[in-house]
Structure formats: structure tokens, C-alpha cells
Amino acid sequence: MSKFIDRREFLSAATAGGLALGATEILKAQDKPGRATDRVSANDVIKLAIMGVNGRGTDLARGLTQQKGARIAYVCDPDERAIGKAKGAIAERQKESVEGLVDFRKALDDPAVDALVIAAPNHWHAPATILACAAGKHVYVEKPCCHNPHEGELMVAAARKHNRVVQHGTQRRSFPGLQEAVERLRAGDIGRVMFARAWYNNKRPSIGHGQAADAPSWLDYALWQGPAPERPYRDNLIHYNWHWFWHWGNGELGNNG
């Protein structure tokens, strides 16, 4: 959507091991031409905030700590327990300390943060992307990029208005085998394709009907709902089962939240 800010490249990458986001190839502008060096200045480090770390966000954090030139500055989640788990996982791989925040918007207020990684539930994907762009941050957002098509149009408009890079995590498109398959398909290896069908099957237990209940003390439920119209907390909603409710999910069999 736009060029990256100077001295950085923010690259998406996927591997068979499940890494959804690669972070950087550092430009060593301060080094002499032809001189090999491993030095990374403070200006060459991409500082990241990760939103939604109960599951997918922590997986992304583990991958990001392996990327030279990337540093996780914040982990954000309305579930206080998830913050502690994520910080512990990052501490095993990153020597710099990480700050935990319940409200990700506080991380957007930090001018040192370059990008927001969004792995929160689906209903937060578009609003968080738009807020991050407006705050001058680049964005990596997990699938699906938005809750409905119109939100996607608003995300594109925000990225263009604020000249930000927004990467959507459609990881399968990065798989070498699938890239080769698409190339061969377009080359006509199997002739002209008139019709295709795809499906996904899985056996899952029932989540039950659930009951209205008080939100647990470790969860900021009002923040978790965020941009979605307010609804009472249910005891079969968090975590993950929100996928089966159109109000927060959208029928997507994802792995976020």
C-alpha cells in the first residue's frame, strides 16, 4: 500500500513451522560500504506492540523474537493472565524487558512504537488497524482482516490516508507449494479452469448454550467487546468460543484470541 519508513523493511513471511510474520532486514546505513557488521543501532530496531496474546499473539511473539532487528516493547490483552504468560514466553528469547498493558491504545501513544501486531478477536481487527494507522503505526493483522467487507474498505482508506504499511496474515499464500501450484494453474498446466470447490471439515464438541454471568475479575470485558455493541458476558464465550457468535466472530474457523 505504501513504501516503508526509511531504514526499515517490514516483511511478511510464513514458514511451515507457523511463523506468520518476519520482521526485518536491517539497513546498515551508518556502516561503511562493503564492511560486514552485526551492529544494530537503536534507530535500526523495529519496536512492536502485540495486541491479543492469549494464543496466536504469543505464537507470533515467539517468531518475532527470532527476527534480527525486531524488538517487542508491549504485549496487550484485556485478560491479565494472558499478559503474564506472554511476557514469560518472550523473556525466554528476548533480553529487553516487555511492558504489559490491558489497553493496547496506550501502546499507540508511545512514539517509539513502529508497528502494531493484531491477533485479537475478529471484531477488533479493523478498528485496531484504523486506530494504529491514525497513530502513525504500521500494522500486521491476522485473518480475517475485518468483520465485514465495508470495514475492509475503511482499513484500506486509513492505510492510504496515513501512508502506513498494512500486512494481512493470509499465510497460506506464502507457502512455496501453493505458490508453485498457482503459477502452474495460470500457465494452463491443467487447461482452462471453469469451476473449483473447496471445503473444510472438522469435528468439534458442542459449546452449549451458555448462561449470562458476571465477567471474571481477570478480564476487562468492556474493553474486550470494544467496538462491538454491548452484550452481557456469557460463561461459554471466552476464550475462543466467541468464533461461533456472529456478533464477535463471523463464522471464521480461525486461531486468534
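A donor-acceptor pair under 3.5 Å is formed between the side chain of H125 and the backbone N or O of A120. Under a 3.5 Å cut-off, the side chain of D77 and the backbone N or O of V53 do form a donor-acceptor pair. The closest donor-acceptor contact from the side chain of R234 to the backbone of G210 lies under 3.5 Å. In this structure, the side chain of D220 does not engage the main chain of P78 through any donor-acceptor pair within 3.5 Å. In this structure, E230 contributes its side chain and A222 its backbone to no donor-acceptor pair below 3.5 Å. Between the side chain of R186 and the main chain of R184, no donor-acceptor pair closer than 3.5 Å is present. In this structure, H247 contributes its side chain and P229 its backbone to a donor-acceptor pair below 3.5 Å. Under a 3.5 Å cut-off, the side chain of H147 and the backbone N or O of W246 do form a donor-acceptor pair. A distance-only check finds a donor-acceptor pair linking the side chain of Q225 to the backbone of R231 [under 3.5 Å].
Other residues, nucleotides and ligands contribute only 12 or fewer heavy atoms inside 6.0 Å of the CG atom of D214. Environment of CZ in R81: crowded, with over 12 heavy atoms of neighbouring residues, nucleotides or ligands closer than 6.0 Å.
Residues L116 and M51 have side chains in contact (heavy-atom distance under 4.5 Å, counting atoms from C-beta outward). In this structure, V182 and R173 have side chains that are not in contact, with every pair of non-hydrogen atoms separated by 4.5 Å or more. Considering only heavy atoms from C-beta on, L60 comes within 4.5 Å of E142 through its side chain. With a 4.5 Å cut-off on side-chain heavy atoms, I190 and V193 count as touching. Looking at heavy atoms from C-beta onward, R192 lies in side-chain contact with M194 at the 4.5 angstrom threshold. For the pair I238 and L219, the minimum side-chain heavy-atom distance is below 4.5 Å. Between Y74 and L108, every side-chain heavy-atom pair lies at or beyond the 4.5 Å cut-off.
In the hydrophobic clustering of this structure, F175 does not group with L185; members are Ile, Leu, Val, Met, Phe, Trp, Tyr whose side-chain heavy atoms approach within less than 4.5 Å, directly or through other members. Hydrophobic clustering, with ILVMFWY side chains joined whenever heavy atoms are under 4.5 angstrom apart, keeps V98 apart from L101.
The distance between the ring centers of F104 and W124 falls below 6.0 angstrom. Taking the six-membered ring wherever Trp is involved, the centroid distance between the rings of F245 and W242 does not fall below 6.0 Å. Less than 6.0 angstrom separates the ring centroid of H123 from the ring centroid of W224.
For the residue pair H239 and D79, a side-chain donor N or O sits within less than 3.5 Å of a side-chain acceptor on the partner. Between the side chains of Y240 and N54, no donor-acceptor pair of N or O atoms lies under 3.5 Å.
Scanning both residues, A128 and I118, for their nearest heavy atoms gives CB-CD1, 3.6 Å. The two residues A107 and V113 make their nearest non-hydrogen contact at O-CG2, 3.7 Å. Scanning all heavy atoms of the two residues, the minimum distance from N163 to H138 falls at O-CE1, 4.4 Å. In terms of heavy atoms, D110 sits closest to K137 at O-NZ, 2.7 Å. Listed here is the closest heavy atom pair of E151 and A126: OE1-CB, 3.4 Å.
To the nearest 0.5 Å, atoms OG (S97) and CD1 (I72) are separated by 12.0 Å. The CG atom of N122 sits 11.0 Å away from the CG atom of N148 when rounded to the nearest 0.5 Å. The structure places CD1 of I130 at 5.0 Å from CG of L154, a figure rounded to the nearest 0.5 Å. Taken to the nearest 0.5 Å, the CD1 atom of I83 stands 11.5 Å off from the NZ atom of K85. In this structure, the separation between CG on L64 and CD on Q66 is 9.0 Å, given to the nearest 0.5 Å. The CD atom of Q67 lies 10.0 Å from the CG atom of L48; values are rounded to the nearest 0.5 Å.
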Requested in this report: Check step by step if side-chain contact (heavy atoms from CB on, under 4.5 Å) holds for C133 and V166.
Outcome: CA-CA 8 Å; C133 287; V166 176; 3.7 Å; yes
Report task. Determine, step by step, whether R164 and V139 satisfy the side-chain contact (heavy atoms from CB on, under 4.5 Å) criterion, reporting the C-alpha distance in whole Å, the side-chain angles of both residues, the deciding distance to 0.1 Å, and the verdict. Result -> CA-CA 8 Å; R164 299 297 91 190; V139 175; over 6 Å; no
Requested in this report: Any chance you could lay out the salt bridge (charged side-chain N to carboxylate O under 4.0 Å, His left out) test for D59 and R62, step after step, and finish with the verdict?
Outcome: CA-CA 5 Å; D59 290 339; R62 291 190 180 99; 3.2 Å; yes
Query raised in the report: Yes or no on side-chain contact (heavy atoms from CB on, under 4.5 Å) for T129 and H168, after CA distance, side-chain angles and deciding distance?
Result: CA-CA 10 Å; T129 296; H168 178 214; over 6 Å; no
